[in-house]
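Data block below; observations after.
We use all heavy atoms of the structure for the numbers below, so side chains are in, but hydrogens, waters and symmetry mates are not. Residue numbers start from 1 in every chain, and the chains themselves are labelled A, B, ... in the order their sequence lines are given, proteins ahead of strands.
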Protein chains: 2
Amino acid sequence: MSARTVVNLRNTEAPPRVVDISKLDFTNCPVRDLISQIGGKWSVLLLEALAQRPYRFGELRRMVPDISQRMLTQTLRDLQRDGYIDREVFPTKPPSVEYRMTDLGRSLYGPLAQLLNWAEANHDAVRAARVRFDQSQD
Amino acid sequence: MSARTVVNLRNTEAPPRVVDISKLDFTNCPVRDLISQIGGKWSVLLLEALAQRPYRFGELRRMVPDISQRMLTQTLRDLQRDGYIDREVFPTKPPSVEYRMTDLGRSLYGPLAQLLNWAEANHDAVRAARVRFDQSQD
DNA sequence: CGGAATCCCCAGAGATACTG
DNA sequence: CAGTATCTCTGGGGATTCCG
């Protein structure tokens, strides 16, 4: 994929210099790697929750009532795998599991939160653009 | 969906106050709305390209050789619909179509680029975390 | 040149039931 | 409580063909 292309394109000073575009490892593009993960349906939501404070499995489940048990487990495991959150098991009875954000996760949440703030601030503009577009298409 | 929950969760000062979580309009959550759009496979890539300068359809196609014609057309139309890019048709022969970023798109690209920079800067850390996780799971 | 229309496939996500 | 294990299904995305 266009890993190098992406890098070059973001360099706004230089002209676009497309390099070696066909031979690049698709799975190794950092941007695609990040977007495909947080692009999931629940990842950002859980990151927002855990950015505030640690939560237990059941707490997260109650906070996001329309997530299935399966997707909560899976999304948490994926976030843990990428190093954004930690998982700690307390051998109580019944057992309880707490999830908390790592330093890496917190450093991700900085720029991520900026983007989310943009989304909220400009949501009306986007919706208005959609209405205009749809009306112009008959 | 949890539109309000998201808002409250990002307010790091107050305790989590989950409000009216089941009755919210799923489609009206700004965060979900943005993430589901730019979470697409090609959106960010095209935004990066057009953040630099306007491009014609065929130019974009050559820059991203592994995108299908269909997905290029569709992704561009979606970005246009949300107001991030403009489309201008030049009635030459054969016709040519140019895409350029709008002011709204440029304002989005600010925080977005910060996130992408984070992705590149921390890609090694994420990959290392993955290796650790996979090895700890037998 | 820049699409639109059509067919097809599979990974992401939901529902349900069971377990340490 | 906090998960696994199956089964299922939708829709995002690819390949191909046709059009102004």
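- In this structure, the CG atom of B/D78 is 15 Å from the P atom of D/dG11, given to the nearest Å.
- Partners of B/S43 according to the side chain to side chain contact (heavy atoms under 4.5 Å, CB included) rule, which considers only residues two or more places apart in sequence or in another chain, are B/Q37, B/T75, B/L79.
- An OP1 or OP2 oxygen of D/dG20 is reached within less than 4.0 angstrom by no side-chain nitrogen or oxygen of B/K93.
- Rounded to an integer number of Å, the gap from CD of B/Q137 to P of D/dT4 is 9 Å.
- In the helix from C/dC1-D/dG20 to C/dG20-D/dC1, the terminal helix axes, each the rotation mapping four pairs' C1' atoms onto the next four within five end pairs, subtend 50°, rounded to 10°.
- You'll find the side chain of B/Y55 reaches within 4.5 Å of the side chain of B/M63, heavy atoms only.
- The two residues A/I38 and A/V44 come nearest to each other via the heavy atoms O-CG2, 3.5 Å.
- Taking atom CZ of A/R87 as the reference point, atom C1' of D/dC1 lies 12 Å away to the nearest angstrom.
- In this structure, B/L60 is a member of the same hydrophobic cluster as B/V89, with clusters built from ILVMFWY side-chain heavy atoms closer than 4.5 Å.
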Whether each nucleotide of nucleotides 15-20 of chain C has a protein heavy atom under 4.0 Å at its base (B), only at its sugar-phosphate (S) or at neither (-) is summarised, 5' to 3', as B-B--B

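- Follow the hydrophobic side-chain contacts under 4.5 Å out from A/I85 and you never reach B/V131; the two are in separate clusters.
- Among the protein residues, A/Y99 comes within range of the sugar-phosphate backbone only, with heavy atoms under 4.0 Å from sugar or phosphate atoms but none that close to a base.
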